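Inspection log for the structure reproduced underneath, given as structure tokens.
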Amino acid sequence: MALSWNEIKDRALKFTKEWEGESRERAEKDSFWNDFFNVFGISRRRLATFEEPVKKLNNKQGFIDLFWKGRLLVEHKSKGKNLDAAFEQAIDYFHGMKEHELPKYVLVSDFEKFKLYDLDDKKEYEFEIKDFHKNIKLFGFIAGYQKRTFKDEDPVNIKAAELMGKLHDQLEENGYEGHSLEVFLVRLLFCLFADDTGIFEKDTFEEFIEVKTNEDGSDLGPWLAQYFQVLNTPTDKRLKNLDEHLAAFPYVNGKLFEEPLPIAAFNSRMREILLECSLLNWGNISPAIFGSMFQSVMNPKERRNLGAHYTSEKNILKLIKSLFLDELQAEFRKVKSNKNKLRKFHQKLGTLKFLDPACGCGNFLIITYRELRLLELDVLKELHGDQKVLDINQIMYIDVDQFYGIEYDEFPARIAEVALWLMDHQMNIRTSEAFGLYYVRLPLRKSATIIHGNALRTNWEDIISIEKLSYILGNPPFYGKQYQTKEQKEEMALVFQDVKGAGVLDYVTAWYLKASKFIQETDIKVGFVSTNSIAQGEQTGILWNELFNHYGIKIHFAHGTFNWSNEARGKAAVHVVIIGFANFDIKKKSIWSYEDINGEPHQIQAKNINGYLINGQDVVLSKRKKPLCDVPYMNYGSMPNDGGNLVFNSNTKKAILDRDKRAEKFIKKFVMGEELINDIERWALWIKENDLKNIRDIKPITEILEIVKEKRSNSLRAATNKLALVPWRFGEVRQPSESYIALPRVSSMKRNYIPITILDSEVISGDKVYTIGSTNIYIFGILTSAMHMSWMRYTAGRMKSDFSYTNQITYNNYPWPKKPSNKNKKAVESKAQKVLDIRTKFPESSLADLYDPLTMPSTLVKAHQELDRAVDLCYRPQVFTNETARVEYLFDLYNKYTNH
């Protein structure tokens, strides 16, 4: 067992007295370094070798004074020699080493001075031997104490996951697969971590493999099987003649090593991979990050982008800080000066229970546990201060059995369970450091309750009673309706039952409803990460109408749309929201608003948070067949339903006209959303009923019509079959008879404005364009303003990361200005016309060019700003300063219009 820092400090003082002074100048360096390692309770002979041969950069033979592979290289010089030159000599040895042997630290000394180089952090420390005891924490890596500077995409995490992936593949190729393989790898994960962090004596697992098993790996499987059995057996019940290497390991328990597994077959390459794994510094690996990476090794496709499959700690903290951590920390600050209140607060921390009903590898639970333990450590420091603590276990109340999870796949469920133990040990080390005592929680008597099952088909109260549970949190799966499997759709139907329109909802919403049912008449708080689609567009009205009106849910906090991603290459961004809610109301509510979805938010205090995550009444928008206000109807464009034949590109148009120029009369310019925005040329056969007599002998047209007729006839839909009788006509015709306003249904969220335009009636709009049969410039001005765009951003749906405008929700529910003055209306008309006029000055630019934020002409930017101001003044005498103010005003106005 590792020594406490107090014990190490005492030994360091003795070492200094023993070796300090002129009389030891010629002493044997072997004895010096043996004693040095002994300060940390470590046998040098077991870890490091003297005079290790190595090829230098010049290809000459060199000898390292002392070498601990993968950890430490020592170069020792006579008193007064240049230590910088000694360091350069040490670096020269790196050329002859394998990558996994490269040390993390270089230490040079001349008996009187030490110079330690931390190669990972690129730092160096220099001190004299008399100050050794003051600098012992620099050598925590020897004693099993590790620096805790985890990074989201730390190369150590990725390297470890890659090596485990290689071992996984080798085992699987040999037929060792499925459940047995998963459990086997999780056990190895625990052992590798334990070997570097003081759960086991330093590097005993690595030594066990190195010393006891054959280089060809032939006996490694049987040795590991016996090893796992030993870890599951109390020391007093083990065989008396047990191998001494096995006998040195502690009793682990926790059911981790309980299940008998088939014996795995290894070869020399697999043994080498395992040894390479053991040479990594697992003390620098974050359980929260590595768990997800470790899971990804099971999937070769995911493994190609290691690092893309974890959730960054920063994003997890956004949820847990808002849900409970900020509140607990504030309570701690309030009571810390009163010992009695502080003790009660400490007891409270030990009673909190957490459930993640879609826990994956346990990221949210692990970070929650870490933050609670850090808070507890602050409490313990206040309670005990400089008092001597005899038993750390007696003063700690928080343990892993306060945590519960449900996970659909077995492998991540087991990882979550083990990762919580690993985080527990890391926090035990932190507490040990604070109180100068070393503490290992072995055998493992408590564990998190991680259930392998389907959260939507599981009764959560079978896992944790409502009376005991404090918080529900997590990041349930997102899947939109089009990506849901048959089983997932059945689960949605099971949870939502008779909720009207629930078929369009994302999979994640089932967790919202199930949690809402579960927390009725309780103080349980819930916080989930979700796709932002549940707070925008059609889904919002369906979901939040149910939660607000049938289950009395109140939103306590929300993070508006932001980019949920990490720094891994190739990781697609997901736009998400975080929503915290409960079955009771609170006075202080907060919204974190993101002006830049990749940036930092600013916090807004709210009286109430509605389903669109704004400060306003609990209003939800439903589909409306007609506009709320007295404005023209917005309709879909026409749908070809032609099998791709009535619509064609310019090459096809040319081929038709080359055959018969009479066809030109019946070919019209055609636009879907993409063509409208990007100025792409496409064409359509547009034939009216009174033209039929004129096309009978235009062969390139009749040939197309024959193909359309056949396609429609062969359709499985009866309605399409009927259309075969009129192959010359679009399946659905909604073309305005005069010039009209056109709006693309889908537009990039990067644009500040959806590119809306006015088209001639001779330009045919397809069904990916909305049309308004009017050229009223005031209506165009309102629609293309920041006011309407702000409303759109909160009420439109999403197609991937693009806005998907909806006529029945966004347009028909839009609250237009109430009786604006003629002066203000004319101002809007004038500024809207200016926007159109400036566009004509860039004839070579598409709407995509003009409305790209990076390339938008300054004159057009200014024209829109002037239009925005004019529209603002139609609503109230003052202009709006930001989007939040606009949206809050519009929802308030909507309430007035609908509640009159």
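Heavy-atom basis, side chains included; hydrogens, waters and symmetry copies ignored. All of these numbers come straight from a predicted model, not from anything done at the bench.
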Under the salt bridge (Lys or Arg N to Asp or Glu O under 4.0 Å) test, which residues partner [X], sequence neighbours left out?
X	value
Arg187	none
Arg457	Glu490, Glu491
Glu410	none
Asp523	none

Asp585: side-chain hydrogen bond (donor to acceptor under 3.5 Å, both in side chains) partners, not counting sequence neighbours:
Lys589
Excluding sequence neighbours, so at least two apart, what forms side-chain hydrogen bond (donor to acceptor under 3.5 Å, both in side chains) with Thr561?
Asn532
Aromatic centroids of His556 and Phe584 separated by under 6.0 Å
yes
Taking the six-membered ring for Trp, are Phe184 and Phe228 ring centroids under 6.0 Å apart?
yes
Looking at residues at least two apart in the chain, or sitting in another chain, which of them share a side chain to side chain contact (heavy atoms under 4.5 Å, CB included) with His602?
Ser593, Glu595, Ile604
[X]: what forms a ring-ring contact (aromatic ring centres under 6.0 Å, His included) with it, not counting sequence neighbours?
X	answer
Phe581	Tyr512
Tyr408	none
Tyr471	Phe324, Phe354
Phe496	none

Residue pairs involving residues 347-356 (criterion side chain to side chain donor-acceptor pair (under 3.5 Å); sequence neighbours excluded):
Glu331-Lys348
